[in-house]
There are 2 protein chains.
Amino acid sequence: MQQFGRGGFEAASTRAIAAQAGTNISSIAYHFGGKDGLRIACADAVAERIAQVARPLPGLQDRPDLLHARLVLRRLVRRIVTFMIVSPGASDAVAFVLRELAQPDSPVLDRLYTTLVEPRHRALCALWSAATGEPAESEDVKLAVFSLVGQAVYFRVAAPIVRRRMGWRHYARAEARAITRRMLTNLDRMIGGGDG
Amino acid sequence: MQQFGRGGFEAASTRAIAAQAGTNISSIAYHFGGKDGLRIACADAVAERIAQVARPLPGLQDRPDLLHARLVLRRLVRRIVTFMIVSPGASDAVAFVLRELAQPDSPVLDRLYTTLVEPRHRALCALWSAATGEPAESEDVKLAVFSLVGQAVYFRVAAPIVRRRMGWRHYARAEARAITRRMLTNLDRMIGGGDG
DNA sequence: AATTGTATATCAATCGATTGATTGATTGCT
DNA sequence: AGCAATCAATCAATCGATTGATATACAATT
């Protein structure tokens with residue numbers, strides 16, 4: 001996944017992948033049926049991993065009240081940003097996913113959408129609906145959720161230029177805190193209550 | 001740029017590029033010195049193009065008042081989103097740029113940053129500062145601007161999944177209007193005045 | 001306890017195909 | 001004639017995939 005995330009699927013050679021894994025090239029064909037099989041396996045792996053990070057928090061009732069929904073949303077933003085910035089493998093995972101999501105003819109796009117994007121986005125829409133009162137599956141709510149997660153994704157994908165512009169030497173816990181603070185401010189204001 | 005944007009630099013073969021351009025492979029070496037030269041030329045071309053889209057609007061004084069700054073910001077968001085969604089070549093241009101910005105060892109990252117990211121981001125920070133009163137080069141303002149443009153970028157890069165989740169058959173003017181409306185709402189609320 | 005059978009897994013070696021780059025010849029225009 | 005541009009042809013290098021041989025582990029048999 002690291003090799004795929006760095007420069008794209010075509011840029012990663014099976015030899016480089018095998019070398020980094022400390023094994024032989026043939027093992028790719030043996031275990032995954034080929035380079036494309038490895039691509040699908042990566043999609044499944046990252047779907048399962050991200051699903052754990054963005055999973056609904058325990059203790060969330062079906063019909064949460066407004067304040068509770070906002071609290072859960074805030075905790076989810078904290079967790080997502082922390083995962084994106086701090087977690088070591090997140091960079092490659094997010095890069096891999098976004099590469100696949102970007103090209104419409106990706107062989108794993110459908111898999112990633114149904115197992116990862118759709119359920120997570122739907123859950124966030126439900127929370128957003130509970131926090132704002134707007135209908136969950138309305139066009140505007142869906143776009144609002146997209147614009148929220150889009151921020152987080154951007155802070156990971158465009159990390160090199162963010163670091164440079166911010167003058168950050170690292171991209172770790174301290175920096176994640178600053179990003180989280182700004183994103184929580186955005187969330188609070190976007191939801192409506194200007195209690196930053 | 002289209003070939004580079006689709007599957008990445010390595011995925012684009014010089015033969016496919018030459019074929020799409022309706023010329024011979026050797027012309028790449030003749031005019032650009034090789035595949036890497038073509039990469040740099042694409043970076044320069046896209047930098048010039050996007051610079052025009054995000055350029056400061058005419059009639060902007062050096063020290064705009066609060067309301068004027070907000071108005072200019074709103075018009076910039078309109079223009080950027082329209083360009084990202086509607087403009088035919090924007091998809092490839094944004095895809096190309098984001099691919100280069102994503103990998104820290106890109107040979108054109110420095111070029112793109114100094115000519116494209118830095119000046120545009122700095123101008124937006126100045127506007128944001130005028131619209132909110134916060135210091136322009138403060139950490140929080142810079143992050144706020146990043147989270148704003150990150151939304152727009154995401155709506156282009158993740159277009160396939162956005163379309164699918166929204167149930168959109170197209171990704172053109174009507175859809176750009178919906179995205180613009182949501183992003184303007186976000187902008188207004190993020191800036192502070194909750195006048196949606 | 002020793003041996004054999006079998007499935008699992010990795011290995012070096014090699015396959016044809018494709019890559020970016022280069023060459024010398026050719027074209028079109030002034 | 002002279003210059004700029006494009007062309008088909010070819011180069012070594014690398015690509016993904018495949019091959020047959022080999023190593024390991026565990027069950028069945030002697």
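Basis for what follows: all heavy atoms, side chains included, without hydrogens, waters or symmetry-related copies. First the proteins, then the strands, lettered A, B, ... as listed; each starts at 1.
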Hey, does A16(A) reach any base, or is it just sugar-phosphate, or nothing, if we go heavy atoms under 4.0 Å?
->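 No contact.
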Name the nucleic acid region contacted by A12(B), choosing base, sugar-phosphate or nothing; use a 4.0 angstrom heavy-atom cut-off, strictly under.
-> sugar-phosphate
State whether [X] and [Y] are salt-bridged, where the test is any N-O pair (Lys NZ or Arg NE/NH1/NH2 against Asp/Glu carboxylate O) under 4.0 Å.
X	Y	result
R99(A)	D92(A)	no
D188(A)	R70(A)	no
E100(A)	R39(A)	yes
R165(B)	E137(A)	yes

Measure [atom1]/[X] against [atom2]/[N] and give the value in whole Å, please.
X	N	atom1	atom2	answer
K35(B)	dT14(D)	NZ	C1'	13 Å
R15(A)	dT19(C)	CZ	P	15 Å
E10(A)	dA17(D)	CD	P	11 Å
Q3(B)	dT19(C)	CD	P	11 Å
L38(A)	dG16(D)	CG	C1'	12 Å

Would you please confirm or rule out a distance under 4.0 Å between OP1 or OP2 of dA21(C) and any side-chain N or O of T14(B)?
-> no
Can you sort out the partners of A136(A) under side-chain contact (heavy atoms from CB on, under 4.5 Å), two or more places apart, ordered by chain and number?
-> S129(A)
Are more than 12 heavy atoms from other residues, nucleotides or ligands located less than 6.0 Å from atom CD of E48(B)?
-> no
Residue D36(A), side-chain atoms from C-beta onward, closest of dC7(D), dA17(D), dA21(C) | dA17(D)
Taking DNA chain C as the partner, which of residues 24-33 of chain A come within under 4.0 angstrom of it by heavy atom?
->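 Result for residues 24-33 of chain A: N24(A), S26(A), S27(A), Y30(A), H31(A), sorted by number.
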